[in-house]
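One structure below.
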Amino acid sequence: MNPVKNNQPPSYRGRFAPSPTGPLHFGSLVAALGSYLDARANHGEWLVRMEDLDQTREIKGSADEILRTLDRFGFKWEGEIIRQSRRTDAYAHALNVLNRDDLAYPCGCTRKEINIAARPGIESAAYPGTCRQGLRAGRKERAIRLRTFDNPSGFEDLIQGEVTQNLASDIGDFIIRRADGYHAYQLAVVVDDAWQDITHIVRGADLLLSTPRQIHLQQLLELPTPVYAHLPLAVDANGRKLSKQYKDAPVENRHPLPALLQALHHLGQPLPDERPTGIDDFWDWAISNWQLENVPAKPTLQPH
Ligand code: GLU
């Protein structure tokens, strides 16, 4: 049972959903802070979900390390922390529903075959639909794909504005269960957001173009679509997305305040004139001054 679930749908429930692939870094601190402040400023609830579905990418100990950092930084979450590694039955159930309604199909293609078939010489183009009508003779099922439709679909992001994609031509039928047997992130995140009654998703803009796929899944599974707000990505001084090295550098655990102030500044929020005396002081200021409409769509690079 979901411990925070009750009969009344919440008016605001947000979440932070880190993957335990390393310690909390600046980019994920920004996502945690933006989602937390928006929830608290709206008198909403805020949950943490550990997205440890893909155990091949998990770094041992990092789930606990992320939670320790959040706690040290003064984040307070509601209810129990859901771990995706324990939710396989729920994902399998959703997959059965999609299979039953012929919205999903087995695919026997290898990654290499897909790239060649999609556009010779060009990597990662839309899946060309090779197995849509059934597996070719002698092929074994590798992954399971979801059918997409050839029409523009869009949503209004609270920060990034209107986003439109034609899933069939931009993405193609996409994987919901991978060849290695793991359920795909797109499926798991949709199932969990609905199960936890999440109403508002505030997260990094690296996931902006995953959102039309998630809305497509919500519609096919008859689940509600939350409100979305995608935060500007953290970039380096030259405006480039943070390099792997810097991006993965853990936030300084022993000194939460400078990292929190930097993340708040990145989100376009005013900083207090006087340095907060401690974490509680920081949170009082940040929650009472939070304005989502001041969050820039693109990263701004003024130093402070
Ligand atoms: N687990 C994903 C990540 O760490 C975030 C998923 C989400 O917020 O929807 O990038």
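Both backbone and side-chain heavy atoms feed into the values below; hydrogens, waters and symmetry mates do not.
- When all heavy atoms of Ala126 and Ser169 are compared, the closest pair comes out as CB-O, 3.4 Å.
- Under the 3.5 Å distance criterion, the side-chain polar atoms of Asn253 are left unmatched by any main-chain donor or acceptor of Thr69.
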List the steps and the verdict of side chain to side chain contact (heavy atoms under 4.5 Å, CB included) for Met50 and Ile82.
CA-CA 6 Å; Met50 204 42 81; Ile82 300 302; over 6 Å; no

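- Side chains of Trp195 and Asp193 form no contact here, defined as non-hydrogen atoms less than 4.5 Å apart.
- Heavy-atom minimum distance, Arg13 versus Thr199: N-OG1, 2.7 Å.
- Residues Ile287 and Leu158 fall within the same hydrophobic cluster, defined by Ile, Leu, Val, Met, Phe, Trp and Tyr side chains chained together at heavy-atom separations under 4.5 Å.
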Apply side chain to side chain contact (heavy atoms under 4.5 Å, CB included) to the pair Arg15 and Val189, showing each step before the final yes or no.
CA-CA 11 Å; Arg15 52 51 157 199; Val189 80; 3.6 Å; yes

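- Between the side chain of Asn289 and the main chain of Trp285, a donor-acceptor pair closer than 3.5 Å is present.
- At least one donor-acceptor pair under 3.5 Å links the side chain of Arg147 to the backbone N or O of Asp102.
- Between Glu113 and Arg139 there is a salt bridge, since a side-chain N of the basic residue sits under 4.0 Å from a carboxylate O of the acidic one.
- Looking only at atom types and distance, the side chain of Gln84 has a donor-acceptor partner in the side chain of Asp192 under 3.5 Å away.
- In this structure the side chain of Tyr127 never reaches within 4.5 angstrom of the side chain of Ile175, judged on heavy atoms.
- In this structure the side chain of His266 reaches within 4.5 angstrom of the side chain of Pro299, judged on heavy atoms.
- Between the CD atom in Glu252 and the CZ atom in Phe26 there is a gap of 14.0 Å [rounded to 0.5 Å].
- At a threshold of 4.5 Å between non-hydrogen side-chain atoms, the residues Ile144 and Leu98 do not count as touching.
- Note that CZ of Phe75 is 7.5 Å distant from OG of Ser35, once rounded to the nearest 0.5 Å.
- Expressed to the nearest 0.5 Å, how far CG of Asp284 lies from CD1 of Ile279 amounts to 11.5 Å.
- Between the side chain of Arg213 and the main chain of Leu217, no donor-acceptor pair closer than 3.5 Å is present.
- Rounding to the nearest 0.5 Å places NE2 of His230 at 8.0 Å from CG of Asp206.
- Arg142 contributes a side-chain N or O that, together with a main-chain N or O of Cys109, makes up a donor-acceptor pair within less than 3.5 Å.
- Residues Ser11 and His43 have side chains that never bring a donor and an acceptor to within less than 3.5 angstrom of each other.
- Annotation: the span from Thr148 atom OG1 to Leu103 atom CG amounts to 11.5 Å, rounded to 0.5 Å.
- A pairwise comparison of heavy atoms in Ala104 and Ile176 identifies CB-CD1, 4.0 Å as the closest pair.
- Using modelled atom types and a 3.5 Å distance limit, the side chains of Asn166 and Asp150 yield a donor-acceptor pair.
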Does the side chain to side chain donor-acceptor pair (under 3.5 Å) test come out yes or no for Gln165 and Ser153, once each step is laid out?
CA-CA 6 Å; Gln165 260 186 349; Ser153 61; over 6 Å; no

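- Put simply, the side chain of Ser28 never gets that close to the backbone of Leu24: no donor and acceptor are under 3.5 Å apart.
- Contact of the Pro212 side chain with the Leu167 side chain is registered, since non-hydrogen atoms from C-beta on lie closer than 4.5 Å.
- Contacts classified as salt bridge (charged side-chain N to carboxylate O under 4.0 Å, His left out) and involving residues 160-185 (residues at least two apart or in different chains) are given here: Asp54-Arg178, Arg132-Asp173, Glu141-Arg177, Arg178-Asp180.
- Between Trp46 and Lys76, the shortest heavy-atom contact is CE3-O, 3.7 Å.
- Within the structure, the salt bridge (charged side-chain N to carboxylate O under 4.0 Å, His left out) test picks out no pair touching residues 262-282 (sequence neighbours left out).
- Residues Pro276 and Leu261 meet the side-chain proximity criterion, which asks for heavy atoms closer than 4.5 Å.
- Glu51 pairs by the salt bridge (Lys or Arg N to Asp or Glu O under 4.0 Å) definition with Arg49, not counting sequence neighbours.
- The shortest distance between side-chain heavy atoms of Phe149 and His216 falls below 4.5 Å.
- Under the 4.5 Å side-chain heavy-atom criterion for grouping Ile, Leu, Val, Met, Phe, Trp and Tyr, Leu220 is connected to Leu223 within one hydrophobic cluster.
- Scanning both residues, Ile66 and Gly22, for their nearest heavy atoms gives CD1-O, 3.5 Å.
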Test log, rule salt bridge (charged side-chain N to carboxylate O under 4.0 Å, His left out), inputs Glu58 and Lys60
CA-CA 6 Å; Glu58 177 161 357; Lys60 255 200 149 359; over 6 Å; no

Apply side chain to side chain contact (heavy atoms under 4.5 Å, CB included) to Tyr105 and Gln133, showing your working.
CA-CA 9 Å; Tyr105 61 87; Gln133 313 305 336; over 6 Å; no

Working for side chain to side chain contact (heavy atoms under 4.5 Å, CB included), residues Trp290 and Asp38:
CA-CA 7 Å; Trp290 173 255; Asp38 201 54; 2.8 Å; yes

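- Here the straight-line distance linking atom OG of Ser19 with atom CG of Leu53 works out to 9.0 Å at 0.5 Å rounding.
- Residue Arg136 qualifies as enclosed at atom CZ: its count of foreign heavy atoms under 6.0 Å is above 12.
- Checking Gln269 against Gln291 by side-chain atom types alone, no donor-acceptor pair falls below 3.5 Å.
- Nearest approach of Ala259 to Leu29, heavy atoms of both residues: O-CD2, 3.6 Å.
- Counting heavy atoms from C-beta outward, Pro232 and Lys298 have side chains that stay 4.5 Å or more apart.
- For the ring-ring contact (aromatic ring centres under 6.0 Å, His included) criterion with Tyr36, the lone passing option out of Phe16, Phe73, Trp77, Trp283 is Trp283.
- Ile81 and Val191 sit in two unconnected hydrophobic clusters of ILVMFWY residues. Membership requires side-chain heavy atoms under 4.5 Å apart, directly or through other members.
- In the hydrophobic clustering of this structure, Leu33 groups with Tyr12; members are Ile, Leu, Val, Met, Phe, Trp, Tyr whose side-chain heavy atoms approach within less than 4.5 Å, directly or through other members.
- Between Val295 and the choices Ile159, Val202, Leu37, the side-chain contact (heavy atoms from CB on, under 4.5 Å) rule is met once, by Ile159.
- Cluster annotation: Phe282 is connected to Leu70 through the hydrophobic network of ILVMFWY side chains, with a link wherever side-chain heavy atoms come within less than 4.5 Å.
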